[in-house]
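What follows is a short report on a single structure.
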Amino acid sequence: MRPDAELMAFWLADAVLAQKLRWPIPVPLLMGQVNAACFKVGEPRRRIRPGGEGWGRAVLVAYAQAAAEACDLGADLGRRADQLRAVAPRLRAKGSAEVVKLLLDDDALPASWSSAKLSARGARRLFERLQELGVVRELSGRPTFRLYGL
């Protein structure tokens, strides 16, 4: 009903889906499809608005596409996690086991991460080594504050 609240409605739809399926947290399936081609129709590719003709079909198609993308992403992350586990025994840094566990548990870690066993400089070298081995990626694209993850 309010065009300025469309993004909130997409987020709310994902939250309701998670609640109905008893997921512990919402997954941004529909929210990730906001700019998908399925919401654009006609020759000038105009955006379908909620309640407009074809809206229900567009939402179903968007959810289907989002689910397929989530499955692909999950499979890719699973492969990357297996690669990291395979490389872990070859790492010689003292705190490398903790870094591997954190990388498997969290989305990303800053290159400046440190612990009692591993200094920030040692962590940066470890992340660079893991990147050379192809098991982690630098996610931020920034030279001053780097984030690493699967």
Side-chain angles (χ1 to χ4, degrees), residues 2-91 93 95-113 115 118 123-150:
R2 289 188 50 185
D4 61 331
E6 187 176 6
L7 292 179
M8 180 68 150
F10 277 48
W11 180 85
L12 186 60
D14 287 332
V16 169
L17 178 69
Q19 181 183 28
K20 293 293 182 185
L21 295 176
R22 294 188 178 115
W23 292 346
I25 57 173
V27 177
L29 295 173
L30 191 59
M31 189 65 195
Q33 298 294 317
V34 169
N35 295 319
C38 63
F39 287 112
K40 296 178 181 160
V41 295
E43 183 57 37
R45 304 299 289 166
R46 291 189 184 168
R47 185 159 173 78
I48 302 173
R49 293 292 171 198
E53 186 178 336
W55 173 255
R57 181 184 179 281
V59 169
L60 294 175
V61 170
Y63 266 125
Q65 289 174 344
E69 290 173 11
C71 288
D72 291 344
L73 180 61
D76 183 46
L77 286 174
R79 281 191 299 275
R80 289 178 173 278
D82 290 342
Q83 290 173 339
L84 180 59
R85 285 186 198 101
V87 167
R90 297 188 304 182
L91 300 173
S96 62
E98 188 176 3
V99 169
V100 168
K101 183 182 180 329
L102 287 171
L103 282 169
L104 292 172
D105 291 344
D106 292 333
D107 292 336
L109 285 177
S112 59
W113 180 85
S115 70
L118 190 63
R124 278 193 304 275
R125 287 196 326 255
L126 177 61
F127 285 124
E128 288 170 4
R129 173 75 174 132
L130 289 171
Q131 191 174 15
E132 287 172 10
L133 293 171
V135 295
V136 299
R137 295 181 291 176
E138 199 279 316
L139 304 172
S140 65
R142 297 171 52 191
T144 55
F145 180 77
R146 295 182 180 208
L147 290 173
Y148 290 92
L150 296 179

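Counting all heavy atoms, side chain and backbone alike, Ala66 lies closest to Leu29 at CB-O, 3.3 Å. A pairwise comparison of heavy atoms in Ala58 and Ile48 identifies CB-CD1, 4.1 Å as the closest pair.
Tyr63 has its side chain within reach of Leu17: a pair of non-hydrogen atoms, C-beta onward, lies under 4.5 Å apart. In this structure the side chain of Gln83 never reaches within 4.5 angstrom of the side chain of Leu133, judged on heavy atoms. Between Gln65 and Gln33 the shortest side-chain heavy-atom distance falls below 4.5 Å. The side-chain heavy atoms of Leu139 and Arg137, taken from C-beta on, include a pair separated by under 4.5 Å. Side-chain contact between Asp76 and Leu150: absent, with no pair of heavy atoms (C-beta onward) separated by less than 4.5 Å. In this structure the side chain of Leu103 reaches within 4.5 angstrom of the side chain of Val136, judged on heavy atoms. Side-chain contact check for Arg79 versus Asp82: every heavy-atom pair is 4.5 Å or farther apart. Side-chain contact between Trp11 and Pro28 is absent, with no heavy atoms from C-beta onward closer than 4.5 Å.
Remark: Leu60 CG to Leu30 CG distance equals 10.0 Å, nearest 0.5 Å. Interatomic distance, CG of Leu130 versus CZ of Arg125, reported as 12.5 Å (0.5 Å rounding). How far CG of Leu12 is from CE of Met31: 11.5 Å, rounded to the nearest 0.5 Å.
Counting heavy-atom neighbours within 6.0 Å of Asp106 CG, excluding the residue itself, gives a total above 12. More than 12 heavy-atom neighbours from other residues, nucleotides or ligands sit within 6.0 angstrom of CZ on Arg80. The number of heavy-atom neighbours closer than 6.0 Å to CZ of Arg46, taken from other residues, nucleotides and ligands shown, is 12 or below.
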Query raised in the report: Stepwise, does the side-chain contact (heavy atoms from CB on, under 4.5 Å) test hold for Phe39 with Val59?
Result: CA-CA 8 Å; Phe39 287 112; Val59 169; 4.1 Å; yes
**Report entry** Glu69 and Asp72: CA distance, side-chain angles, deciding distance, side-chain contact (heavy atoms from CB on, under 4.5 Å) verdict
**Finding:** CA-CA 5 Å; Glu69 290 173 11; Asp72 291 344; 5.5 Å; no
Query - Candidate pair Arg129 and Val135, rule side-chain contact (heavy atoms from CB on, under 4.5 Å), full reasoning - result: CA-CA 9 Å; Arg129 173 75 174 132; Val135 295; over 6 Å; no
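Looking only at distances, no side-chain donor or acceptor of Asp14 sits under 3.5 Å from a matching main-chain atom of Pro26. Judged by distance alone, the side chain of Glu138 and the main-chain N or O of Ser140 form a donor-acceptor pair under 3.5 Å.
Using bins of under 30°, 30° to 60° and over 60° for the plane-to-plane angle, the ring pair Phe127/Tyr148 lands in the parallel bin.
For Arg124, there are no salt bridge (Lys or Arg N to Asp or Glu O under 4.0 Å) partners, not counting sequence neighbours.
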